[in-house]
Amino acid sequence: MRNFDYLEPTSVAEACKLLKQHGSEAKVFAGGAHVTILMKQGLYQPKALVNIKRIPELKGIKFDAAEGLSIGALVTHREIETSTLVKDKQPVLCAAEREVANIRVRNMGTIGGNLASGEPLTDLSQIFIALDGVLRITGSSGQRTIPVEKLFLDFYTTSLAEDEIITNVVIPPLPPRSGIEYIRFSSSSVVDKPSAGVAVRLTLDREAVQTARVVLGCVGPTPVRARKAEELITGKRPTEELIGEAGALAAQECSPTSDLRGSEQYKRAIVRALVKRALTAAQDKALSS
Ligand SMILES: Cc1cc2nc3c(=O)[nH]c(=O)nc-3n(C[C@H](O)[C@H](O)[C@H](O)COP(=O)(O)OP(=O)(O)OC[C@H]3O[C@@H](n4cnc5c(N)ncnc54)[C@H](O)[C@@H]3O)c2cc1C
């Protein structure tokens, strides 16, 4: 690793100012689980690291009946996994976190870093998108809010400007008669990142689907909504046959590549099976909510 300046701002405004000053030569540093590896491999060679860990505004998990659940960017995977508030309001996140990496990474890695890395083989973004989550972002010229879906542009590429910081992710309360399910599949016990991860959220009107979110992760450069599958089931009662058709459609709406986690064809087959299972589970949860 080459030498770099290590900066420790204590407010978001100060951090954004430092990022603006250093431009492309600076990198935000949160838990360091991703940044440290890339620096050791020589893929990141920043002249300045802006450590945001001392910024209190980025910490904590809160709930507001109107706004929903707000998770600060510095909240770690482990904090989400063990939070009684998250377990009460969005238990799907606690369950998903239990499968992320290992306890060492879960203790280090933050939710802001997980999203801002733009790494395709991750779990949480699919769930946030299925829940219509939004990101609060602050830069040197002000604040903005975007749907989580709009963060991801390509492999390791996000819509964040160089001087911008994710401050928190906000998940609105689910409408009544909603069910959400997340299922990830890992093809090998030695590979701790998922080969595919599918999040499905259904909101029902009587027994018909009023709103559907089918989100596919790890099977393309970014998480993607399977919009054709969503359209197919919207307005209808999801029968076994319809769920099967939706799974088949979704498998065509992603762009997996063949790699050590499986061939393209294998991953499409996994997506098809996971979508069917997740739709069935989400429907059961919505019916019993
Ligand atoms: C061995 C291993 C296994 C893993 N397995 C999984 C898995 O199964 N599922 C999964 O979802 N993830 C997995 N991950 C990814 C892991 O969750 C992320 O690496 C971690 O959450 C990153 O968080 P961090 O705080 O350490 O980020 P950092 O390494 O500090 O930063 C990551 C990137 O985000 C930027 N950044 C950080 N915070 C912010 C912010 N608030 N605003 C703007 N930019 C920011 C940094 O500049 C950097 O580019 C794994 C990682 C490892 C190393």
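Just so you know, ligand 1 is whichever comes first in the structure, and atom 1 is the first atom listed for that ligand.
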Say you draw a straight line from CD of Gln45 to CD of Glu25; how long is it, rounded to the nearest 0.5 Å?
-> 11.0 Å
Sort out for me which residue in Asn51, Leu49, Ile52, Leu18 forms a side chain to side chain contact (heavy atoms under 4.5 Å, CB included) with Val28.
-> Ile52
Thr203 side chain to Ser178 side chain, donor-acceptor N/O pair below 3.5 angstrom | yes
Do Ile111 and Val134 belong to the same hydrophobic cluster, where Ile, Leu, Val, Met, Phe, Trp and Tyr are linked whenever their side-chain heavy atoms lie under 4.5 Å apart, directly or via other members?
-> no
Residue contacts for ligand 1, heavy atom to ligand atom, distance under 4.0 Å | Lys27, Val28, Phe29, Ala30, Gly31, Gly32, Ala33, His34, Val35, Ile37, Tyr44, Ile52, Ala73, His77, Val100, Ala101, Val105, Gly109, Thr110, Gly112, Gly113, Asn114, Ala116, Ser117, Thr122, Asp123, Leu160, Glu164, Ile165, Ile166, Arg184, Asp192, Lys193, Pro194
Table please: side-chain donor-acceptor pairs of residues 237-248 below 3.5 Å, with sequence neighbours left out.
| residue | atom | partner | partner atom | Å |
| --- | --- | --- | --- | --- |
| Thr239 | OG1 | Leu242 | N | 3.1 |

Does Leu121 offer a backbone N or O that forms a donor-acceptor pair with the side chain of Glu119 under 3.5 Å?
-> yes
